[in-house]
Amino acid sequence: MHNLYGMNMTRSAFEALQEIRPEQRTLFFSRSSYVGAHRYGGIWQGDNKSWWSHILQSMQQLPALNMAGFLFTGCDTGGFGCDTTEDLMLRWLQYSLFTPLFRNHSADGTRQQELYQFDNFAATGEMIKIRYSLVPYLYSEFLKAALQDNMMFRPLAFDFPEDKMAQQVEDQLLLGNELMIAPIYHQNAQGRYVYLPEEMMLVRMKSHDHYETEILPQGHHYVAAALDELVFFIRNQKAIPFAAPAESTAKTDWNSVQLLGYAGASYELYTDDGISSNPESTLKISTLS
């Protein structure tokens with residue numbers, strides 16, 4: 001009943017706003033919800049803790065929530081309860097900047113964890129800029145998943161069902177059709193082991209305009225990653241749209257969008273006006289190459 005109550009709170013607000021402004025879409029998300037509530041809003045992953053293990057736990061929740069229809073989801077970056085640390089916050093940012101819901105949220109009585117509270121606020125600022133550079137890809141893949149009843153985040157085994165090793169991987173996720181993420185979730189780790197079910201391009205990024213790429217073959221790899229360095233992977237023969245960072249999504253310069261990835265690859269970009277209640281009515285499909 002607790003979860004049904006939360007779902008119906010979201011539903012009642014959603015239906016009320018549909019009557020008040022039917023021409024505009026709404027955005028709700030709730031902590032307490034129930035299966036079917038994705039028709040009315042999203043959900044965040046509950047009151048987590050500032051524990052390294054909760055980065056992994058959030059990753060494992062994403063595909064499950066997607067399968068239940070919840071695409072707009074994410075966790076409290078840095079942790080809600082307990083006191084976070086600078087290294088935990090940086091590693092958490094490097095994971096959650098890929099999730100639709102991206103917020104820093106903490107409980108009363110815990111350490112102040114706004115990003116400017118930390119010594120290395122320059123690195124945290126670069127992670128935020130990279131998030132905005134990735135918005136064209138993240139929004140496009142979110143929209144594709146919503147309109148096509150697909151998952152935005154998938155375990156490796158979903159795309160590589162015959163790969164016995166991929167079936168065992170629970171700390172890497174495919175994001176849309178082009179990306180794979182493999183966040184670091186251990187304290188003091190200077191890198192991590194990654195399994196690639198196919199050849200992929202490693203992207204090592206300190207800022208939106210300071211990055212290196214390397215083609216890695218299928219198999220097991222140890223990938224080093226400095227504390228101020230974002231690492232992710234682009235799938236074989238694919239590319240992603242990547243824009244100049246902006247102060248808000250409204251200020252995204254779509255003329256600055258370029259492809260990052262394999263040479264000769266193309267990408268189908270979905271965009272809309274972000275306001276109309278029926279996204280299909282304002283949908284624009286562009287092929288970037």
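Sequence positions, counted from 1, serve as the residue numbers for this chain.
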> Do you reckon M7 sits in the same ILVMFWY cluster as L101, going by side-chain contacts under 4.5 Å, direct or chained?
Replying inline: no
Would you be so kind as to tabulate the donor-acceptor pairs closer than 3.5 Å made by side chains of residues 115-126, with sequence neighbours excluded?
from : atom 1 : to   : atom 2 : distance (Å)
Q117 : NE2    : E114 : OE1    : 3.3
N120 : OD1    : A123 : N      : 3.3
T124 : OG1    : F121 : O      : 2.8

> Among all residues two or more places apart in sequence or in another chain, which pass the side-chain hydrogen bond (donor to acceptor under 3.5 Å, both in side chains) test with E15?
Replying inline: R11
> In chain order, what residues pass the salt bridge (charged side-chain N to carboxylate O under 4.0 Å, His left out) check against R111, with sequence neighbours excluded?
Replying inline: none
> Is there a side-chain contact between I128 and L93 (heavy atoms, below 4.5 Å)?
Replying inline: yes
> Going from CD1 on I55 to CG on D171, what distance comes out if it is rounded to the nearest 0.5 angstrom?
Replying inline: 11.5 Å
>> What I'd like to find out is whether the side chain of D163 reaches to under 4.5 Å of the side chain of Q168, using heavy atoms alone.
In response: no
>> If I compare all heavy atoms of P279 with all of S277, which pair ends up nearest, and what's the gap?
In response: CD-O, 3.3 Å
>> Test of understanding: with salt bridge (charged side-chain N to carboxylate O under 4.0 Å, His left out), list the residues that count as partners of D159, not counting sequence neighbours.
In response: R154, R235
>> Looking at every non-hydrogen atom in both residues, tell me the closest pair between Y139 and G274 and how far apart they are.
In response: OH-CA, 4.1 Å
>> Can you confirm whether more than 12 heavy atoms, excluding those of Q60, are under 6.0 Å from its CD atom?
In response: yes
> If we only count heavy atoms from C-beta on, is the E268 to K144 side-chain gap below 4.5 Å?
Replying inline: yes
> What class does the angle between the rings of F70 and H38 fall in, given that below 30° is parallel, 30 to 60° is tilted and above 60° is perpendicular?
Replying inline: perpendicular
> If you look only at pairs with a residue in residues 223-277, which of them pass as a ring-ring contact (aromatic ring centres under 6.0 Å, His included), with sequence neighbours excluded?
Replying inline: F98-F232, Y137-Y267
>> If hydrophobic clusters are built by linking Ile, Leu, Val, Met, Phe, Trp and Tyr wherever their side-chain heavy atoms come under 4.5 Å apart, do M59 and L196 end up in the same one?
In response: no
>> Ignoring hydrogens, what is the shortest heavy-atom contact between P245 and Y132? Give both atom names and the distance.
In response: CA-CB, 4.3 Å
>> Nearest 0.5 Å, please: how far is CZ in F80 from CG in D108?
In response: 7.5 Å
> Please, which pairs that meet ring-ring contact (aromatic ring centres under 6.0 Å, His included) have at least one residue in residues 148-193, sequence neighbours excluded?
Replying inline: Y193-Y222
>> Test your reading of the model: is there a side-chain donor-acceptor pair from R192 to the backbone of I184, 3.5 Å cut-off?
In response: no
>> Through direct or indirect side-chain contacts below 4.5 angstrom among Ile, Leu, Val, Met, Phe, Trp and Tyr, which residues connect to F14?
In response: L17, I20, F28, Y40
>> According to ring-ring contact (aromatic ring centres under 6.0 Å, His included), who are the partners of Y195, at least two apart in sequence or on a separate chain?
In response: H220
>> Applying side chain to side chain contact (heavy atoms under 4.5 Å, CB included) to E141 and I240, what does each step give before you reach the verdict?
In response: CA-CA 10 Å; E141 292 304 304; I240 64 169; over 6 Å; no
>> According to side-chain hydrogen bond (donor to acceptor under 3.5 Å, both in side chains), who are the partners of Q172, at least two apart in sequence or on a separate chain?
In response: none
>> I'd like to know if L156 and M165 are part of one continuous hydrophobic network [Ile/Leu/Val/Met/Phe/Trp/Tyr, side-chain heavy atoms within less than 4.5 Å].
In response: yes
>> Taking CZ in R21 as the centre, count heavy atoms belonging to other residues, nucleotides or ligands within less than 6.0 Å. Is the count above 12?
In response: yes
>> Around atom OH of Y34, are there more than 12 heavy atoms from other residues, nucleotides or ligands closer than 6.0 Å?
In response: no
> What closest approach, in Å, do M152 and L138 show between heavy atoms, and which atom pair accounts for it?
Replying inline: CE-O, 3.5 Å
>> Determine whether a donor-acceptor pair (N or O, by modelled atom type, separation under 3.5 Å) exists between the side chain of R31 and the backbone of G46.
In response: no
> Quick one: are T99 and T73 in side-chain contact, heavy atoms under 4.5 Å?
Replying inline: no
> Would a 4.5 Å heavy-atom cut-off, applied to side chains only, mark M9 and S30 as touching?
Replying inline: no
>> Quick check for you: to the nearest 0.5 Å, what is the distance between S33 atom OG and H2 atom NE2?
In response: 11.0 Å
> Do Q45 and S58 have side-chain atoms, one donor and one acceptor, less than 3.5 Å apart?
Replying inline: yes
> Is the shortest heavy-atom distance from the side chain of C75 to the side chain of H54 under 4.5 Å?
Replying inline: no
> Can you hop from F102 to I130 via hydrophobic side chains spaced under 4.5 Å?
Replying inline: yes
>> Using only atom types and a distance under 3.5 Å, with no angle test, would you say the side chain of R204 pairs donor to acceptor with the backbone of E214?
In response: no
>> For a quick test of reading the model, state the closest non-hydrogen atom pair linking M205 to M127 and the distance between them.
In response: O-CE, 4.5 Å
> Side chains of Q113 and N104: donor-acceptor distance under 3.5 Å anywhere?
Replying inline: yes
> Does E162 CD have over 12 foreign heavy atoms under 6.0 Å away?
Replying inline: no
> Would you call the rings of W44 and H105 parallel, tilted or perpendicular if under 30° counts as parallel and over 60° as perpendicular?
Replying inline: perpendicular
> Is there side-chain contact between V231 and I181, with heavy atoms separated by less than 4.5 Å?
Replying inline: no
> Step by step, would you call N48 with W92 a side chain to side chain contact (heavy atoms under 4.5 Å, CB included)?
Replying inline: CA-CA 12 Å; N48 58 4; W92 212 312; 3.4 Å; yes
>> Are M180 and L259 linked, directly or through intermediate hydrophobic residues, by side-chain heavy-atom contacts shorter than 4.5 Å (ILVMFWY only)?
In response: no
>> If I compare all heavy atoms of S50 with all of L88, which pair ends up nearest, and what's the gap?
In response: O-CD2, 3.4 Å
> Does any pair with a residue in residues 79-89 pass side chain to side chain donor-acceptor pair (under 3.5 Å), and if so which ones, sequence neighbours excluded?
Replying inline: T85-D87
> Are the charged groups of K284 and D272 less than 4.0 angstrom apart, N to O?
Replying inline: no
> Should L202 and V223 count as side-chain neighbours, where that means a heavy-atom distance under 4.5 Å?
Replying inline: yes
> How long is the span from the CG atom in N8 to the CE atom in M1, to the nearest 0.5 Å?
Replying inline: 8.5 Å
> Roughly how far apart are L230 CG and Q94 CD, rounded to 0.5 Å?
Replying inline: 6.0 Å
>> Out of the candidates I234, V203, L174, only one should pair with L179 under the side-chain contact (heavy atoms from CB on, under 4.5 Å) rule; please name it.
In response: I234
> Hey, what do you get for CG (L269) to OG1 (T287), rounding to the nearest 0.5 Å?
Replying inline: 9.0 Å
> Sequence neighbours excluded, which residues qualify as side-chain hydrogen bond (donor to acceptor under 3.5 Å, both in side chains) partners of T110?
Replying inline: none
>> Holding to side-chain hydrogen bond (donor to acceptor under 3.5 Å, both in side chains), I want the full list of residues that pass it with T77, two or more places apart in sequence or in another chain.
In response: S96
> Considering residues, nucleotides and ligands other than Q148, do more than 12 of their heavy atoms fall under 6.0 Å from its CD?
Replying inline: yes
>> If you count every heavy atom of other residues, nucleotides or ligands that lies below 6.0 Å from E199 atom CD, does the total exceed 12?
In response: yes
